[in-house]
Amino acid sequence: MSFIEFKNICKKYAGNDKNSVTDFNLDIEEKEFIAFVGPSGCGKSTTLRMIAGFEEITSGDLFIDGKRVNEVAPADRGISMVFQNYALYPHMTVADNIMFPLINRKVPKAEARERAQEMAKLVQLDHLMDRKPKALSGGQQQRVAIARALVKKPEVLLLDEPLSNLDAKLRVETREEIRRIQQEVGITTIFVTHDQEEAMSISDRIAVMEKGVVQQFEVPQKMYLNPGNLFVAQFLGTPQINIFDVTVKGGKIMCGDVILREGCKAADGNYKAGVRPEAFNVSENGILVKATHVRMTGRELQLRVALAKEELRVLVHSDMQVSVGTEFCVTIRDNQILLFDQTGKTVGKY
Ligand code: ADP
């Protein structure tokens with residue numbers, strides 16, 4: 001038995017002719033950090049709100065710690081949720097904001113203050129207890145919201161796009177902070193984001209969703225290297241994976257007349273190939289390509305190269321001497337050519 005179990009959960013909003021979430025099945029273990037990730041409108045928030053009890057489950061069963069909670073009131077689910085906009089009380093100090101859920105539950109004030117202090121320490125804001133929210137940075141406000149969510153000692157922490165209002169640098173810092181806090185407290189956490197890099201970088205496992213359906217649930221590195229279908233392959237990674245048509249004939253993977261690989265075990269036929277921009281090695285011999293765009297990003301050069309009729313994204317070391325028109329050879333590293341069948345399902349990697 002897993003700590004949180006979704007069994008065939010569907011959600012259909014009144015007035016909507018389509019399901020917003022369809023046949024959602026997922027098992028989450030205690031203390032795991034999970035991200036629901038996918039494009040806007042794919043059903044991430046709806047799923048999170050069903051766990052919190054803010055949305056009714058249309059069909060299916062949700063279990064938390066072995067107990068079916070479909071009809072359990074939000075306050076009785078042992079769950080805390082943190083929102084994108086922090087939702088702090090502006091007229092209250094940091095201390096009062098963090099204490100609020102305890103005061104609300106009639107916990108004696110001295111005890112509430114002590115527990116709030118503990119939480120403030122955990123999120124490293126104990127020196128700012130007397131400030132009002134508007135005197136804090138966005139990242140600090142979000143940490144107050146997290147402290148307030150944790151002060152009740154919930155069993156599950158839900159985070160709905162908690163970093164969206166922060167600028168790029170603060171987003172990275174705050175996500176690391178969230179991961180540290182989660183590990184220190186050891187709390188089962190579900191994090192919703194549309195940002196695949198954010199999801200991969202801090203989660204134990206991620207669920208990639210599209211159109212209300214979980215496409216894959218896996219450890220980030222495994223999913224990145226073994227996407228189950230074309231959607232997942234394209235959703236993960238920047239710059240995006242190259243997708244192009246290939247033919248397999250007698251073990252050769254061909255892009256037009258160019259042989260990309262020999263000794264491939266896939267059956268003869270037409271496929272979509274997926275090759276990540278970082279999967280190419282520049283080499284003495286191999287596949288001849290020609291640079292059509294060169295962009296310096298610092299850590300690497302982002303190239304576009306012509307290969308047969310395709311134009312592919314290729315990342316190379318920033319010290320390579322290359323300009324538009326330069327011809328050079330590349331090889332594709334082992335197991336870095338993904339093949340997808342005509343329905344988009346992964347056939348294998350070669
Ligand atoms: P995400 O969080 O991935 O952006 P949502 O869960 O917010 O996606 O939305 C999933 C789908 O459900 C979308 O098509 C959205 O339009 C629809 N939806 C969300 N909330 C409601 C609602 N209250 N009433 C009707 N449809 C909704």
Side-chain angles (χ1 to χ4, degrees), residues 18-26 34-44 47 192-201 203 205-249 251-256 258-261 264-280 287 289 302-315 330 332-350:
K18 276 200 205 122
N19 277 349
S20 291
V21 173
T22 304
D23 271 339
F24 196 98
N25 285 294
L26 215 62
I34 299 297
F36 292 165
V37 61
S40 179
C42 72
K44 308 179 290 290
T47 308
V192 158
T193 176
H194 60 273
D195 182 330
Q196 49 90 23
E197 192 210 309
E198 192 166 282
M200 284 196 286
S201 69
S203 310
R205 290 192 288 171
I206 62 177
V208 172
M209 297 177 66
E210 189 206 20
K211 297 192 179 125
V213 177
V214 176
Q215 302 292 312
Q216 197 170 357
F217 184 45
E218 192 40 282
V219 172
Q221 188 180 22
K222 273 197 186 161
M223 195 188 299
Y224 187 79
L225 296 174
N226 305 286
N229 62 37
L230 199 52
F231 176 83
V232 174
Q234 288 183 288
F235 185 73
L236 299 181
T238 38
Q240 244 195 359
I241 190 168
N242 296 290
I243 302 290
F244 50 95
D245 291 318
V246 293
T247 311
V248 173
K249 203 167 176 198
K252 292 193 177 83
I253 304 180
M254 311 278 298
C255 174
V258 180
I259 301 170
L260 301 182
R261 184 75 87 226
C264 159
K265 298 259 181 348
D268 285 5
N270 296 324
Y271 298 89
K272 290 263 182 237
V275 181
R276 296 215 175 264
E278 68 272 23
F280 296 89
I287 306 160
V289 297
Q302 293 188 358
L303 310 181
R304 280 179 174 264
V305 305
L307 188 165
K309 287 202 182 94
E310 305 295 334
E311 193 179 49
L312 305 183
R313 289 176 285 275
V314 174
L315 294 180
V330 295
I332 302 171
R333 289 206 303 280
D334 286 351
N335 289 321
Q336 295 279 351
I337 304 179
L338 292 160
L339 292 187
F340 305 96
D341 68 18
Q342 297 306 321
T343 67
K345 196 167 169 297
T346 307
V347 172
K349 52 183 191 175
Y350 303 97

Please enumerate all residues that pass salt bridge (Lys or Arg N to Asp or Glu O under 4.0 Å) together with [X], with sequence neighbours excluded.
X	value
Asp245	Lys272
Arg304	Glu311
Arg205	Glu32

Rounded to the nearest 0.5 Å, what separation is found between the [atom1] atom of [X] and the [atom2] atom of [Y]?
X	Y	atom1	atom2	value
Leu312	Asn242	CG	CG	4.5 Å
Leu315	Leu303	CG	CG	7.5 Å
Thr238	Arg276	OG1	CZ	9.5 Å
Leu339	Arg261	CG	CZ	10.0 Å
Lys249	Thr247	NZ	OG1	9.0 Å
Tyr350	Asp334	OH	CG	13.5 Å

Considering only heavy atoms from C-beta outward, does the side chain of [X] approach that of [Y] to under 4.5 Å?
X	Y	value
Lys309	Phe244	no
Phe36	Leu26	yes
Ile287	Leu260	yes

Would you please name every residue forming a side chain to side chain contact (heavy atoms under 4.5 Å, CB included) with [X], sequence neighbours left out?
X	result
Lys211	none
Gln234	Leu230, Gln240, Ile241, Ile243
Glu198	Leu163, Arg171, Arg175, Phe191, Thr193, Asp195
Ser40	none

Applying ring pair (Phe, Tyr, Trp, His ring centres under 6.0 Å), name anything that partners Phe231, two or more places apart in sequence or on another chain. Phe235

Which heavy atom in [X] sits nearest to a heavy atom in [Y], and how many Å separate them?
X	Y	answer
Val275	Ala279	CG1-CB, 3.9 Å
Asn229	Phe340	C-CE2, 3.6 Å
Ala199	Ala35	CB-CB, 3.8 Å

Tell me if a side-chain donor or acceptor on Gln196 pairs with a main-chain N or O of Gly237 at a distance below 3.5 Å.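 Present.
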
Determine all donor-acceptor pairs shorter than 3.5 Å in which one atom belongs to a side chain in residues 217-228; sequence neighbours excluded.
residue: Tyr224; atom: OH; partner: Glu278; partner atom: OE2; Å: 2.5
residue: Asn226; atom: OD1; partner: Lys349; partner atom: NZ; Å: 2.7
residue: Asn226; atom: ND2; partner: Lys222; partner atom: O; Å: 3.1

Derivation of the side chain to side chain contact (heavy atoms under 4.5 Å, CB included) call for Val314 and Val289: CA-CA 10 Å; Val314 174; Val289 297; over 6 Å; no

Side-chain donor-acceptor distances from residues 264-271 under 3.5 Å, at least two apart:
residue: Asp268; atom: OD1; partner: Gly250; partner atom: N; Å: 2.9
residue: Tyr271; atom: OH; partner: Ala267; partner atom: O; Å: 2.6

With sequence neighbours excluded, tell me which residues meet side chain to side chain donor-acceptor pair (under 3.5 Å) with Asp23.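 Checked Asp23 against side chain to side chain donor-acceptor pair (under 3.5 Å); zero matches.
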
